Amino acid sequence: MQPRFLIVGATGYTGRAVIHHLRTKQIHTVAHIRPNSPNLDWAQPEFTQAGAVVDTTSWDTEAVLQMIQRHRPTHVFSLLGTTKAKAKKAAAQGKKATYEDVERDLSLLILRQLEAFAAENADAPTPKYLFLSSLGVSDGVKNRYLRARADVEIEIRKSTLPWLIVQPSFISGPDRRENRRGERFGSVVSDTILSTIAVLGIKKPYQLYGTLSAAQLADGLIAWSLDDAAYNQTLDTIAIRNRISVS
C-alpha cells in the first residue's frame, strides 16, 4: 500500500517543510490546520498548490477520530508546539495554549484516536506515529516545556502503535516565518562554538547539539518514517543527520 501521511502541526516551521518534502516525493499528504488558525489564510492555498489535502477539523475527540477514519493514514506526524508568547496572547483572549494544552493534550488526543481507529479497523494498516519531542526530555524532568513532552513520551512507549520519538536540538534557520530572535541568536552562537570544537577534531558535540534547519529535519524524519524496521525507538540529532540527503 502506498503511504498516506497525516501531518498535525502543519503550519509550524517543521510542519511546513515536511509538507513540501512529502509532496516533492509525490507522497499523499494531508495537512491538518485548525479551523480558527491565524495561519489558515496563507497555509491553505500554499499547501493546496503543493498538492496536499488540507483538513480543518476542530480539536474535538469525535471529530479527530472521524478525520482519521476519513483519510486512513499510514503515517501520522505530531509536530505540535507553542511558546510562552503564544500562550500569553491566547490567555488574554480567553483561550488555552499552554505547553500542557498543546504539546501534551493534543498530541495525546491524536495518539488515543489513532489507537481507537486501529482497534476498530483491523483490515486497515496500523498507523505509525511519529512525535517530535525535544533534546533534554527525560522521565524526571521538571521544566514545564520538557515535562509536557515527557508525559507524551511515556504514553507513546506504552502504545501498541508503531512509534518514533524524535529529540532534536535547535531547529532554526533564516527561512522561518515566525520571528524568534532569541532562539535564532542562541543557535548561531552555539553552532559557532561547536564548529570551532569540531575543527579541533571533536566532532560529536556538533553532530548531537548543532542546529538543524527545518528542511534537514523534515528530510530525516521522512526517511526514518518510511523505514518499517525503524520503529519503537527514540532518535537524537545524530540519528537524524545520518538520514539527511539535503544540504
Side-chain angles (χ1 to χ4, degrees), residues 1-12 14-15 18-19 22 27-37 40 43-44 47 52-82 95-134 137 139 147-167 221-222 224-235:
M1 182 177 180
Q2 294 297 312
R4 301 170 61 87
F5 278 70
L6 169 61
I7 309 303
V8 182
T11 63
T14 301
V18 166
I19 297 292
L22 286 168
I27 293 175
H28 182 85
T29 306
V30 179
H32 175 259
I33 308 172
R34 58 185 171 87
N36 61 343
S37 171
L40 188 60
Q44 187 162 24
F47 294 160
V53 176
V54 174
D55 190 299
T56 56
T57 295
S58 62
W59 281 109
D60 171 80
T61 300
E62 184 59 32
V64 168
L65 179 56
Q66 291 174 1
M67 175 179 68
I68 294 167
Q69 291 171 335
R70 185 163 60 250
H71 298 295
R72 301 173 79 86
T74 58
H75 300 74
V76 179
F77 280 15
S78 180
L79 309 176
L80 296 160
T82 191
K95 303 174 184 177
K96 291 184 177 181
T98 65
Y99 299 133
E100 293 82 4
D101 296 321
V102 178
E103 272 95 335
R104 184 189 67 193
D105 295 349
L106 296 185
S107 297
L108 289 177
L109 188 157
I110 289 289
L111 176 67
R112 298 307 180 211
Q113 297 317 301
L114 286 170
E115 291 172 335
F117 171 80
E120 296 171 4
N121 296 270
D123 59 322
T126 301
K128 299 177 174 67
Y129 185 73
L130 183 147
F131 175 63
L132 183 61
S133 189
S134 175
V137 171
D139 288 352
R147 180 71 256 162
R149 292 171 182 267
D151 290 343
V152 179
E153 289 193 15
I154 289 170
E155 296 304 312
I156 289 173
R157 292 189 178 97
K158 298 176 184 176
S159 179
T160 56
L161 299 178
W163 55 266
L164 284 172
I165 293 170
V166 183
Q167 296 182 343
L221 295 183
I222 293 167
W224 274 103
S225 68
L226 291 173
D227 181 354
D228 289 342
Y231 282 82
N232 299 342
Q233 64 174 312
T234 300
L235 307 175

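For clarity, every value in this text was computed on a predicted model and none was experimentally measured.
A pairwise comparison of heavy atoms in A31 and I19 identifies CB-CD1, 3.6 Å as the closest pair. Residues V137 and A150 come closest through the heavy atom pair CG1-CA, 3.5 Å. Here the closest non-hydrogen pair linking L114 and P127 is CD2-CB, 3.8 Å. Considering every non-hydrogen atom in both I27 and P3, the closest pair reads CG2-O, 3.9 Å. Among all heavy-atom pairs drawn from Q233 and W224, the shortest one is NE2-CZ3, 3.6 Å. Closest non-hydrogen pair, A230 versus L164, comes out as O-CD2, 3.3 Å.
No side-chain donor-acceptor contact under 3.5 Å links Y99 to the backbone of G81. A donor-acceptor pair under 3.5 Å is absent between the side-chain atoms of T82 and the main chain of T98, judged by distance alone.
L80 places none of its side-chain heavy atoms less than 4.5 Å from the side chain of E103. Contact annotation: the side chain of K128 never approaches that of S225 to less than 4.5 Å [non-hydrogen atoms, C-beta and beyond]. Residues Y129 and S159 fail the side-chain proximity criterion, which asks for heavy atoms closer than 4.5 Å. Side-chain contact check for T126 versus P162: some heavy-atom pair is nearer than 4.5 Å. In this structure the side chain of V76 never reaches within 4.5 angstrom of the side chain of W163, judged on heavy atoms. You'll find the side chain of L22 reaches within 4.5 Å of the side chain of I7, heavy atoms only. Side-chain contact check for M67 versus V30: every heavy-atom pair is 4.5 Å or farther apart.
Between H75 and Y231, the angle of the ring planes lies from 30° to 60°, which puts this pair in the tilted group.
Rounding to the nearest 0.5 angstrom, the gap separating the CG atom in D139 from the CZ atom in R157 is 6.5 Å. To the nearest 0.5 Å, atom CG of residue L79 and atom CG of residue L130 are 7.0 Å apart. For the atom pair H32 NE2 and S78 OG, the distance stands at 11.0 Å (nearest 0.5 Å). Taken from OG1 in T74 to CZ in F5, the straight-line distance is 6.0 Å, to the nearest 0.5 Å. Taking CD of E115 as the start and NZ of K158 as the end, the distance is 11.0 Å to the nearest 0.5 Å.
Salt-bridge check for R149 with E153: failed, with every basic side-chain N at 4.0 Å or more from each acidic carboxylate O.
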Yes or no on side chain to side chain contact (heavy atoms under 4.5 Å, CB included) for V8 and L106, after CA distance, side-chain angles and deciding distance? CA-CA 10 Å; V8 182; L106 296 185; over 6 Å; no
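For E120, the CD atom sits in a packed shell: over 12 heavy atoms of surrounding residues, nucleotides or ligands are nearer than 6.0 Å.
Remark: R147 pairs with D151 by the salt bridge (charged side-chain N to carboxylate O under 4.0 Å, His left out) rule, at least two apart or across chains.
Screening I110, L111, L109 for a side chain to side chain contact (heavy atoms under 4.5 Å, CB included) involving Q113 leaves a single residue, L109.
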Residues 55-64 side chain polar contacts: donor-acceptor under 3.5 Å, at least two apart:
{"from": "D55", "atom 1": "OD1", "to": "T57", "atom 2": "N", "distance (Å)": "2.8"}
{"from": "D55", "atom 1": "OD1", "to": "T57", "atom 2": "OG1", "distance (Å)": "2.4"}
{"from": "D55", "atom 1": "OD2", "to": "R70", "atom 2": "NH2", "distance (Å)": "2.8"}
{"from": "D55", "atom 1": "OD2", "to": "H71", "atom 2": "NE2", "distance (Å)": "2.7"}
{"from": "T57", "atom 1": "OG1", "to": "R70", "atom 2": "NH2", "distance (Å)": "3.2"}
{"from": "D60", "atom 1": "OD2", "to": "E62", "atom 2": "N", "distance (Å)": "3.2"}
{"from": "D60", "atom 1": "OD2", "to": "A63", "atom 2": "N", "distance (Å)": "3.0"}

